[in-house]
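Data block below; observations after.
Below, chain A is the first sequence line, B the second, and so on; all start at residue 1.
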There are 2 protein chains.
Amino acid sequence: MELRHLLYFKAVAELLHFSKAAVQLHISQPPLTRQIKELEKELGVLLFRRNNKRVELTEAGTYFLKECDTLIRQLERSKQLVKQIHESTSGEFKIGYISSTPKTALANVLKALRQRYPLLKTRLYEASTSKQIKALEEGKLDVGIIRAPIHSVQLHIESLDLDKFALVCPVNMPYELNAAWLKEQTFISYNSNYAPDYHNKLLDCCNRLGFYPEIMHECNNMHSILCMVENELGIALVPVSVKDQYPYLKLVFTEFSNIHVSTEIVLAHHQHTIHPALNYFKQMYNSFYNKNIDRLV
Amino acid sequence: MELRHLLYFKAVAELLHFSKAAVQLHISQPPLTRQIKELEKELGVLLFRRNNKRVELTEAGTYFLKECDTLIRQLERSKQLVKQIHESTSGEFKIGYISSTPKTALANVLKALRQRYPLLKTRLYEASTSKQIKALEEGKLDVGIIRAPIHSVQLHIESLDLDKFALVCPVNMPYELNAAWLKEQTFISYNSNYAPDYHNKLLDCCNRLGFYPEIMHECNNMHSILCMVENELGIALVPVSVKDQYPYLKLVFTEFSNIHVSTEIVLAHHQHTIHPALNYFKQMYNSFYNKNIDRLV
DNA sequence: ATTCCATAATACCTTAAAGGTATCAATAAT
DNA sequence: ATTATTGATACCTTTAAGGTATTATGGAAT
């Protein structure tokens, strides 16, 4: 038996007419008759009750049609699945990340990914949380490393880390951790439109410290913020995890151990996608990220 | 794509060796290589990573193997199912029934069955409930019309009728419905080993009438019992439903309307069998049986 | 490093079977 | 009774599956 037999049978069973079915199948009628007979012979079952004028399904034929339908549908599904898997192991893998992401962890993950999926090309996009959410929803990104909260039913997220805030000052700058002193300082931060949730978290943190920050300079990435601080344009409140990423910058980080405001870093991707590279990415990312965390502690 | 491709792929995927797979498939290696290439081309997916020394599944191949397995298994299941349906519409349909079954209903059902399934041969077996249960369990009967109770987890049963008992006497024989008179009579009945549950019901009935029957003659079918009664060898207690089956016998039936002991007639067959003829039989039997009942009422 | 073996790929031929054409036979409608 | 329709049959053509011989290449042994 071959798939052909099933497809031919399906056509005849649905049209109940050999000649019409033959037309639909783009073959002539005699071969079709023969194929059906072959099928019946192999099954040892009469599928059609037919004389030269009327064709009808036998009871067995009726059941077989149902089975054929599911089989053919299943096969199509399988083809699609395999194509999808193929795409996700040999096409492009688009990764989004916020600028505060540790680049060494990311680099290690990419190395592992390259070894496991040699055909897979990776594409990196540093972008804001909001932009990434949109891109993930539209399928323009496969995975994103972003800050919670994420309000999207389409995306699946898992937590990577909780990040408290720290004060960053240039070295040799005297500082005090009290509202009076902080109130007088010039602050550098993200643009509030660019990362509104992050911005609110930051304001919440300041509020608990008892002041409202005067933000004089805004940047759209972490590295720039820290460079501005280093060059004494002001000070900043940033997530503590960035501390280890820029050891060459002449900065002093001071954590607020008593203020429990933190931003959550999550890994997000579309729901219900079977994507081996993505799975592997998640696995690797977690292991490398945790290694980093361990080193910090 | 043809089924061949799937079977060939499965062989190579399981052995991870083209030459060995070719031997297993009873073909030579080059055509196998070609078929696999065709499959890969049609899917647009590389299924094996192979050099001249090593063959291994790609990620996509691994998934496709799973899909192939289910598809092939599913196909086998479908073939079996269709054969089973074919058997049950063109083979033999073996019907068991107890001797008190109305034959006209049965005849009408067989007529309907013949019209619907012209290829189906029916085989009738008049047998005791206990013999039928054994035969049904062993697959030697497709359906049985028997008396409850049935203690078998393998069988599915559904109720057809509740049958009360009636006294049968020859015409012109004076009779009284009291214990004193009944106690003095000679009774004819089934062999107690032959239909023990029926026998117990009958004793229960007599007990409520206040006597214990002296059974002088035993038969193994209803018709014989009634003939014996007609020929004045004794009287009998029988289910009322037999009354209409032998109008030509010179008998008087008297129902005990106040004694609520009845035997249940059920239709029994093996559980979980997909059997169109059986389904139709049940449907028809119910309709004809109920028609009979209606006529009685 | 060289040789040898194992094994998949390639080229080309053979054969089986799928598909086509012409025709027949049977049935239902007129 | 006649005709049109339609599945079956017979026979031919073409496609593609399968086979044989050979090559190329990667890994193992020397």
>> With a cut-off of less than 4.0 Å, is there a side-chain N or O of B:Thr33 near OP1 or OP2 of C:dA8?
In response: no
>> Below 30° counts as parallel, above 60° as perpendicular, anything between as tilted: where do the rings of A:Phe93 and A:Phe281 land?
In response: perpendicular
>> Using a 3.5 Å distance criterion without hydrogens, assess whether the side chain of B:Glu2 forms a donor-acceptor pair with backbone atoms of A:Leu3.
In response: yes
> Would you say a side-chain N or O of B:Asn51 is under 4.0 Å from OP1 or OP2 of D:dG27?
Replying inline: yes
>> I need the single residue from A:His270, A:Glu138, A:His269, A:Gln271 that forms a side chain to side chain contact (heavy atoms under 4.5 Å, CB included) with A:Gln154. Which is it?
In response: A:His270
> Does B:Lys53 get its side chain close enough to the base of C:dT7, under 3.5 Å, for a donor-acceptor pair?
Replying inline: no
> Given B:Glu56 and B:Arg49, is the salt bridge (Lys or Arg N to Asp or Glu O under 4.0 Å) satisfied, shown in steps?
Replying inline: CA-CA 5 Å; B:Glu56 55 187 22; B:Arg49 209 172 300 118; 3.0 Å; yes
> Over how many whole Å does the gap from B:Ile36 atom CD1 to D:dA17 atom C1' extend?
Replying inline: 14 Å
> Rounding to a whole Å, what distance do you find between B:His17:NE2 and D:dG26:C1'?
Replying inline: 13 Å
> Is any side-chain N or O of A:Arg50 closer than 4.0 Å to OP1 or OP2 of D:dA8?
Replying inline: yes
>> Rounding to an integer number of Å, can you tell me how far B:Glu40 CD sits from C:dA9 C1'?
In response: 13 Å
> Expressed in angstrom and rounded to an integer, what is the separation of B:Leu15 atom CG from C:dT7 atom P?
Replying inline: 12 Å
> Can you check the B:Glu56 CD to C:dA8 P distance for me, whole Å?
Replying inline: 13 Å
>> On a heavy-atom basis, which atom in B:Ala13 and which in B:Leu65 lie closest, and how many Å separate them?
In response: CB-CD1, 3.8 Å
> Between A:Tyr63 and A:Lys66, is there a cation-pi geometry (under 6.0 Å to ring centre, at most 45° from the normal)?
Replying inline: yes
>> Nearest whole Å is fine: how far is D:dA17 P from B:Leu3 CG?
In response: 13 Å
>> For A:Pro276 versus A:Tyr117, what's the shortest heavy-atom pair and its separation?
In response: CB-OH, 3.5 Å
> Rounded to the Å, how far apart are B:Met1 CE and D:dA17 P?
Replying inline: 13 Å
> A:Arg54 has an atom CZ; how far is it from atom P of D:dG7, in whole Å?
Replying inline: 12 Å
> When every nucleotide of nucleotides 15-24 of chain C is labelled 5' to 3' by its protein contacts under 4.0 Å (heavy atoms), B for base, S for sugar-phosphate only, - for none, what sequence of letters results?
Replying inline: ---BBBBB--
